[in-house]
Amino acid sequence: MMIQAPASPAPPRRLSFEWLGVAPFIIFALMFLAFPTLYLLAGAFIGRDGQFTFDNIAALFTDQIIAAYWISIRISGASAILGAAIGLAMALAIIRGRLPAPLRAAVMTFSGVASNFAGVPLAFAFIATLGRLGLVTIILKTVFGLDIYRSGFNLLSFWGLTLTYLYFQIPLMVLIIAPAIDGLKKEWSEAAQILGATPWQFWRYIGLPILWPSVLGTLSLLFANAFGAIATAYGLTGSSLNIVPILLYAQIRGDALQNPGLGAALALGMVLITACANIIYLVISARSERWMK
Amino acid sequence: MAFLDVSKLTKSYGSNTVVKGVSFGFDKGEFISLLGPSGCGKTTILRMIAGFETPSSGTVMVDGQDITSLKPNQRQLGMVFQAYALFPNLNVGDNIGFGLKIAGVPAEERRARVVDMLKLIGLPGFETRYPYEMSGGQQQRVALARAIAPRPRMLLLDEPLSALDAKIRVSLREEIRAIQRELGITTVFVTHDQEEALSISDRIVVMNAGNIEQLGAPHDIYNTPKTRFVATFVGQLNNLDVTVADPVARTVSLDGQIITVPNLPAGISANAAMVLTVRPEVLSVGQRPGNDVTLNGTVEDVTFLGSVIRIRVKLGHNVVSLDTFNDQRAAPPQRGEVITVTLAGKDLLVLAN
Ligand SMILES: Nc1ncnc2c1ncn2[C@@H]1O[C@H](COP(=O)(O)OP(=O)(O)OP(=O)(O)O)[C@@H](O)[C@H]1O
Ligand SMILES: [Mg+2]
C-alpha cells in the first residue's frame, strides 16, 4: 500500500505576529545603535576636507585626551566597583538578613526612584548639599567644626564625581542583583550549615560564587552607565573636570573647538571601551555559568 | 538512655501549634520513619532536630548531649533534603568533600573519602561531574554521600525520594537502607508514603495533626493499629457496620449473618451499632485452615492487578475488598457471582476513634 503524502502548500510568506512584536526593538536598535555606530566609525576616519584620514584617531593620543579617558575610566571603575560592593551588601542585608520585611519594600522602592535620578537635578542636589556652600558642608563646619573643603574634599574632583555617581549606582546594583539573591535556594545554605559551615563559610564557598556572574554582569553595566553619563558630570563640574563625555560635548556643541571628526573618534573610543567591558563580562560569565543551566 | 531522645517537643507559629508535645526515644543504629499526612508536622520535627527551627518548648538529646540550643553547624548531623540541594557551583567531589573541608580534613584524606563514598553509592568516577549533568536519582545519591562523608552522629532525611519517579524511588530506598545498615548510622526518615515507611523502617512514628498516634515496628503498626487513624492511614482497611447480637457470647450481626468476635470489648449493650475493621488480606474466597467465620456475598467488582486480584464483595449492605493471588489455572470470579468469604474471627478489629 502506498501512503500518499498530502500535497503541502508552500508556507505562506508573511511576517508572523511574533516578529511584529519585536519590531520596535529591532527598529530602535538599528536607528539608535547600529546606524549611529556606523556613522561614528565612518566619521572618525573622515577629515574636515571630506577625505579619508587617520588624523582624528591620531589626535586621540594627545596628553589631554588620554588623560580624559583615563580619568573617565577611573571614575567609572571606582563608582561601579564601590556601587556594586555597597549595593550587594545592602541587597544581601535586606533580602537575606533578619530585618523587618517592610524595610525591603522601602529600600526597593527608593532604589527604583534613585537609580533614575541623574543629570542636572542630581548635580544640583549635590551642589546644594556638599558644594562649597552646601547645606551639609555648612552644618559640618558650624555644628561639628569640620571643614571638609579645608581637609581636602572637593565636589568638583575625582572623588566628588564618584560620590555623586554612587547615588544612582548603588540603587541600580540593588535593583539588578535582588532577583539573583532571591534565586539562592534556602536548602543550599541549610545544607552548608548542617555540614558544619558558618554563615561566612557559606558565602565564601557557595553563595558568592553562585552570585559572581550576576555581580560581574551588573558591574559592567554600572561601568558603562557611569562612563556615558554626561548630564550629571556637566551639571556638576561644567567644564572644570576633563572627562571624555565633556570633551566630546565640547566638540559637537557649536563653539570654536568644533571638530566633528575628532568628536566621532572620541565617541568611537567610548564605544570600544564599553564594548570591552561587556566582552570581558561575557567571557567570564560563559566560563562560570555552565553549572547554572 | 536512648541515643536520640526527643522530649515533650512543641512548636507553635503564633497561635497555631503544629507539634504538640511529642516525645520518643530511639537506640543507636535504628532506622526510624516519621509517617503522617501532609501538614502533620513531620518536617517541623525533623528541622527542630537539625536545629533549623527553635522548639517552643521541649528538648532534643543526642547521645546524652542536650542539643536543643546548639546551632545546626554545631550538631554533627547529616541531612538530605527533598531535592535540588547540591551546591550547583561545586562538582560531585567537592560537594561530597564539603563537610570534610569545613572540618579541616587535609585534601589527600578528603579525596580518599570521596572515592570511598562514590563507591558506596555506586557512582565511582563521578568526581568531576556537576550536579546539572546528573539525573535526579544520581543527585540524591550524591546528596546522601555528602551527608554521611563527615561521619555524622545521625542522618536526617526529609522525603528524599518524593521528587523521583516510582521505579527509582523503590530501588534508591533499598539502597539507602542497605547503606544505613552497613554504616550502622541512626537515621530519621520523613515520609508520607506508608509503603515506603513500612518497607525500610525498624520503627515507625505515625503522626497526625502534631501528635503521635502510634509508635512501633512496621508489623505492629500494620497488624495491630491502635487507632482508626493509624488503621486507615497505613494500609487498606475494610469497615463493617454491624450490630451487637449477644454481648456475653461476643457475637454481632452483619445484616443477619452472625459472627463471633473474640475482640469485642466487654460491657457493650445488645443491639448497639458498631464498626468492625478488617484488612483485605485477612479475607479469603472459600475455606482456608484457621478461618472460623464464613459469610455469603456477591461479587461486585474484580480488579486484575497482575499477581494479585482485588475483589469487591457485597455482604448485605457492606462492601469489602479482598486480595487473592492470581491462579493461572483458574479464571477469576465473575461479577454477580455468589461466593463464600471466610476469615478468622480474631482478625476482626474494634478500633478506638
Ligand atoms: N514557618 C511557618 N510559619 C507558619 N506555619 C508553618 C511554618 N512552617 C510550617 N508551618 C505549618 O506547620 C504545619 C506542619 O508543617 P510541616 O512542614 O511540618 O508538615 P509535614 O508533615 O512535613 O507535611 P508535608 O508532608 O506536606 O511535608 C503545617 O500546617 C504548616 O502550614
Ligand atoms: Mg514535609
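Basis for what follows: all heavy atoms, side chains included, without hydrogens, waters or symmetry-related copies. Each chain gets a letter, A, B and so on, in the order the sequences are listed, and its residues count up from 1.
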Heavy-atom closest contact (Pro209(A) atom, Asn89(B) atom, distance): CB-ND2, 3.3 Å
Within residues 28-36 of chain A, residues adjacent to chain B where the heavy-atom gap is under 4.5 Å: none
Asp158(B) side, atom CG; Glu190(A) side, atom CD - distance, nearest 0.5 Å: 10.0 Å
Note, Phe98(B) side chain near Ile206(A) side chain (heavy atom, < 4.5 Å): yes
Pick from Ala83(B), Gly99(B), Pro150(B), Gly78(B) with the largest number of heavy-atom pairs that fall under 4.5 Å of chain A: Gly99(B)
Interatomic distance, Leu195(A) atom CG to Asn95(B) atom CG [nearest 0.5 angstrom]: 9.0 Å
Close contacts, residues 29-56 of chain B versus chain A, judged by heavy atoms under 4.5 Å: Arg47(B), Ala50(B), Phe52(B)
Heavy-atom check, side chain of Trp188(A) versus side chain of Pro88(B), under 4.5 Å: yes
From Gln74(B) atom CD to Ile194(A) atom CD1, the distance as rounded to the nearest 0.5 Å: 11.0 Å
Residue part contacting chain A, namely of Leu156(B), when any heavy atom lies under 4.5 Å: neither
Side chain to side chain contact (heavy atoms under 4.5 Å, CB included) partners of Arg96(A), counting only residues at least two apart: Leu92(A), Ile181(A), Leu184(A), Ser189(A), Phe202(A), Trp203(A)
Neighbourhood of chain A inside residues 101-122 of chain B, taking heavy atoms under 4.5 Å as contact: Lys101(B), Ile102(B)
Exceeds 12 heavy-atom contacts within 6.0 angstrom, atom CZ of Arg74(A): yes
Which atom of Asn73(B) lies closest to which atom of Ala197(A), heavy atoms considered: ND2-O, 3.1 Å
Closest approach of Ala191(A) to Ala85(B) (non-hydrogen atoms, all atoms of both residues): CB-O, 4.2 Å
